[in-house]
Amino acid sequence: MVCSVRLEGEELWLLADKAVYWPARRCLLIADAHFGKASAYRSLGQPVPQGTTSENLQRLDRLLSALPCAQVIFLGDFLHGPGSHASGTLSALRAWRALIPDLPMTLIRGNHDKRAGDPPVDLRIEVVPEPLLMGPFALQHEPHAHPSHHVLAGHVHPVYRLRGKGRQSLRLPCFQIGTRVSLLPAFGAFTGGYAVEQREDHQLFVIGDQEVWPVR
């Protein structure tokens, strides 16, 4: 379930639940949760699945139960859009937050957050602009290089297509670990993805069957 990598002298755990844990800081990093995306689509009359917010919160609960977390940092796109403020979505988020009221949480504003608006104040999530500098890392939503810090970002929703014999292929979410910029997969269950390829200047780690492994 965990793949440990060294980056800028720090150990990071790449998690099969599409998040990163930084043990030295007891910090959980999550990109692109897009809470309420299905609600936003349904508000526009689109027939999409229900229950995605509950599914995402269950996965987040599982991580917080398994890891000693002192803080959670969302790397942008916490809410998907204005339609994400539906009563069902916000009720689920408030009930979840009530179970862990004292855990510090920070949101680095992403492009969808600017459209959706900040999370309700009673969720007690500090909202800051990018970059948030922590140790050797610049925590961002947009994957733009920083002049002095290694960037950990989201926004792209990277996925990689594994190809086998007989034209078989499998499209999997992945981590893209680069020399100056590294990307987290989208945490949200209903987010889509952008296909990336293996290159010499980065390493890909794909996620499948609750495992994380490097692309050779």
Side-chain angles (χ1 to χ4, degrees), residues 2-15 17-35 60 63-64 67-80 103-119 123-160 173-188 191 193-207 212 214-215:
V2 172
C3 180
S4 177
V5 298
R6 298 291 297 186
L7 196 59
E8 303 295 337
E10 295 284 335
E11 181 184 21
L12 299 177
W13 295 359
L14 311 183
L15 306 176
D17 274 307
K18 300 189 290 186
V20 167
Y21 181 67
W22 186 358
R25 299 290 182 109
R26 296 171 59 204
C27 179
L28 184 65
L29 304 175
I30 290 173
D32 302 283
H34 286 272
F35 287 118
L60 186 48
L63 289 173
L64 294 175
L67 299 166
C69 290
Q71 58 183 320
V72 177
I73 299 178
F74 295 95
L75 305 183
D77 291 1
F78 181 82
L79 294 173
H80 178 73
L103 180 63
M105 296 186 183
T106 302
L107 167 63
I108 299 164
R109 238 185 235 107
N111 57 305
H112 278 267
D113 300 301
K114 295 170 185 174
R115 213 159 44 82
D118 292 345
L123 290 180
R124 297 179 300 286
I125 299 174
E126 180 186 13
V127 182
V128 300
E130 63 180 6
L132 175 60
L133 302 183
M134 262 180 97
F137 301 120
L139 307 181
Q140 301 178 180
H141 179 66
E142 301 281 351
H144 302 313
H146 189 276
S148 59
H149 289 60
H150 188 110
V151 169
L152 299 178
H155 184 59
V156 175
H157 306 187
V159 297
Y160 180 75
C174 68
F175 299 90
Q176 181 178 296
I177 306 300
T179 55
R180 296 300 304 159
V181 177
S182 296
L183 300 177
L184 279 67
F187 183 82
T191 52
Y194 175 77
V196 297
E197 296 295 335
Q198 184 71 287
R199 298 199 318 249
E200 290 185 0
D201 63 346
H202 65 235
Q203 175 70 56
L204 299 180
F205 295 83
V206 295
I207 303 167
V212 180
V215 175

Original post:
Is the shortest heavy-atom distance from the side chain of Gln203 to the side chain of Gln176 under 4.5 Å?
Top reply: no

**OP:** Using the salt bridge (Lys or Arg N to Asp or Glu O under 4.0 Å) rule, collect all pairs that involve residues 103-113, keeping only residues at least two apart or in two chains.
**Re:** Arg109-Asp118

**OP:** Answer yes or no: is there a donor N or O on one side and an acceptor on the other, between the side chain of Arg180 and the main chain of His149, under 3.5 Å?
**Re:** yes

Subject >> Heavy-atom donor-acceptor pair, His146 side chain to Val181 backbone, under 3.5 Å >> reply: no

Original post:
Can you find a pair of side-chain heavy atoms, one from Leu14 and one from Ile207, that are under 4.5 Å apart?
Top reply: no

**OP:** Grab the two heavy atoms, one from Leu183 and one from Pro143, that are nearest each other, plus how far apart they are.
**Re:** CD2-CB, 3.4 Å

Subject >> Min side-chain heavy-atom separation Leu15-Val2 under 4.5 Å >> reply: yes

Subject >> Aromatic plane relationship, Trp13 with Tyr21 - under 30° parallel, 30 to 60° tilted, over 60° perpendicular >> reply: tilted

Original post:
Looking only at atom types and distance, does a side-chain atom of Gln198 sit under 3.5 Å from a main-chain N or O of Val215, one as donor and one as acceptor?
Top reply: yes

Original post:
Any side-chain heavy-atom pair from Thr106 and Ile125 closer than 4.5 angstrom?
Top reply: no

Subject >> Side-chain donor/acceptor of Asp77 to backbone N/O of His112, under 3.5 Å >> reply: yes

Original post:
Is there a donor-acceptor pair closer than 3.5 Å between any side-chain N or O of Gln140 and the backbone N or O of Glu142?
Top reply: yes

**OP:** Look up atom CG in Asp201 and atom OG1 in Thr179, then write down how far apart they are to the nearest 0.5 Å.
**Re:** 5.5 Å

Original post:
Taking atom CG of Leu123 and atom CZ of Phe35, what is their separation to the nearest 0.5 Å?
Top reply: 10.0 Å

Original post:
How far apart are the closest heavy atoms of Leu103 and Cys69, and which atoms are they?
Top reply: CD1-O, 3.5 Å

Subject >> Spatial distance of atom CG (Leu60) from atom CD1 (Ile30) [nearest 0.5 Å] >> reply: 4.5 Å

Subject >> Heavy-atom side-chain contact between Lys114 and His141 under 4.5 Å >> reply: no

Subject >> Student check: side-chain heavy atoms of Val127 and Pro119 closer than 4.5 Å >> reply: yes

Original post:
Which pair of heavy atoms, one from Glu10 and one from Ala24, lies closest together, and at what distance?
Top reply: OE1-CB, 3.7 Å

Original post:
If you take all heavy atoms of Leu7 and Phe137, which pair is closest and at what distance?
Top reply: O-CZ, 3.5 Å

**OP:** Any chance you could measure Glu130, atom CD, to Leu139, atom CG, to the nearest 0.5 Å?
**Re:** 10.5 Å

Subject >> Side chains of Val72 and Leu63 in contact at under 4.5 Å (non-hydrogen atoms) >> reply: no

Original post:
Would a 4.5 Å heavy-atom cut-off, applied to side chains only, mark Phe175 and Leu12 as touching?
Top reply: no

